[in-house]
Amino acid sequence: MRYLVWLLRLVIFIIVLLFALKNTAPVDVGFFSDRVLHQVPLIVVMLVAFVLGVAFGLLVAFSAVLRRRREINRLRRELSRAQDALAHPQTGSGPLIPETVAPLAPL
């Protein structure tokens, strides 16, 4: 599966590269504050946009991975507490009332 993902990435990169090589005409790149780069090859603009897109995608994926790790650690702590509670039950809690263990069904 890992090789398939890398192969797919390589194919996408080659397609983008070939598309960029066919579009080498010079263009003007305008920014928000009236700054303009004159006569920049379109290939450079396209490759920079591609790299920025990949970087943004990895950043989004990284934040999702961090969220999952936090959730996994929280669940592990909860499981550890539950296992400790089962291994060392507290005996001084008093008598149990049956309704608190399993509520009675309405008639």
Side-chain angles (χ1 to χ4, degrees):
M1 183 68 182
R2 178 174 283 171
Y3 295 115
L4 183 65
V5 170
W6 277 106
L7 181 65
L8 182 63
R9 289 178 184 169
L10 180 66
V11 167
I12 290 172
F13 180 77
I14 289 173
I15 289 172
V16 169
L17 181 65
L18 290 176
F19 183 74
L21 288 174
K22 289 298 229 174
N23 295 292
T24 58
V27 294
D28 293 338
V29 179
F31 294 100
F32 293 111
S33 62
D34 294 335
R35 295 188 70 115
V36 177
L37 294 177
H38 299 285
Q39 303 298 314
V40 178
L42 185 57
I43 185 172
V44 173
V45 175
M46 292 174 65
L47 289 177
V48 166
F50 178 72
V51 168
L52 288 176
V54 168
F56 181 71
L58 289 175
L59 182 66
V60 169
F62 183 69
S63 67
V65 167
L66 286 179
R67 261 187 269 122
R68 285 189 195 118
R69 279 189 185 167
R70 280 194 306 260
E71 180 71 12
I72 288 170
N73 287 335
R74 184 187 65 79
L75 291 172
R76 282 185 181 152
R77 284 191 306 269
E78 188 176 322
L79 178 63
S80 175
R81 285 185 203 126
Q83 287 173 340
D84 287 342
L86 286 175
H88 308 290
Q90 295 186 3
T91 57
S93 63
L96 291 177
I97 301 171
E99 286 80 18
T100 60
V101 175
L104 297 176
L107 297 174

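Every value quoted in this text rests on a predicted model; they were computed, and no experiment measured them.
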Treating Ile, Leu, Val, Met, Phe, Trp and Tyr as nodes and any side-chain heavy-atom pair under 4.5 angstrom as an edge, say whether [X] and [Y] lie in one connected cluster.
{"X": "Val45", "Y": "Ile15", "answer": "no"}
{"X": "Phe31", "Y": "Leu47", "answer": "yes"}
{"X": "Leu58", "Y": "Val51", "answer": "no"}
{"X": "Phe19", "Y": "Phe13", "answer": "yes"}
{"X": "Val48", "Y": "Leu37", "answer": "yes"}

Q) When you look at Leu66 and Phe62, which way does the side chain to side chain contact (heavy atoms under 4.5 Å, CB included) test go after all the steps? A) CA-CA 6 Å; Leu66 286 179; Phe62 183 69; 3.5 Å; yes

Q: To the nearest 0.5 angstrom, please state how far the NZ atom of Lys22 sits from the CG atom of Leu17.
A: 12.5 Å

Q) Between Arg68 and Glu71, is there a salt bridge with N-O shorter than 4.0 Å? A) no

Q: Check whether any side-chain N or O of Asn23 sits under 3.5 Å from a backbone N or O of Ile43 as a donor-acceptor pair, and report yes or no.
A: no

(Q) Against Arg74, only a single residue in Arg70, Glu78, Arg76 fulfils side-chain contact (heavy atoms from CB on, under 4.5 Å); can you say which? (A) Glu78

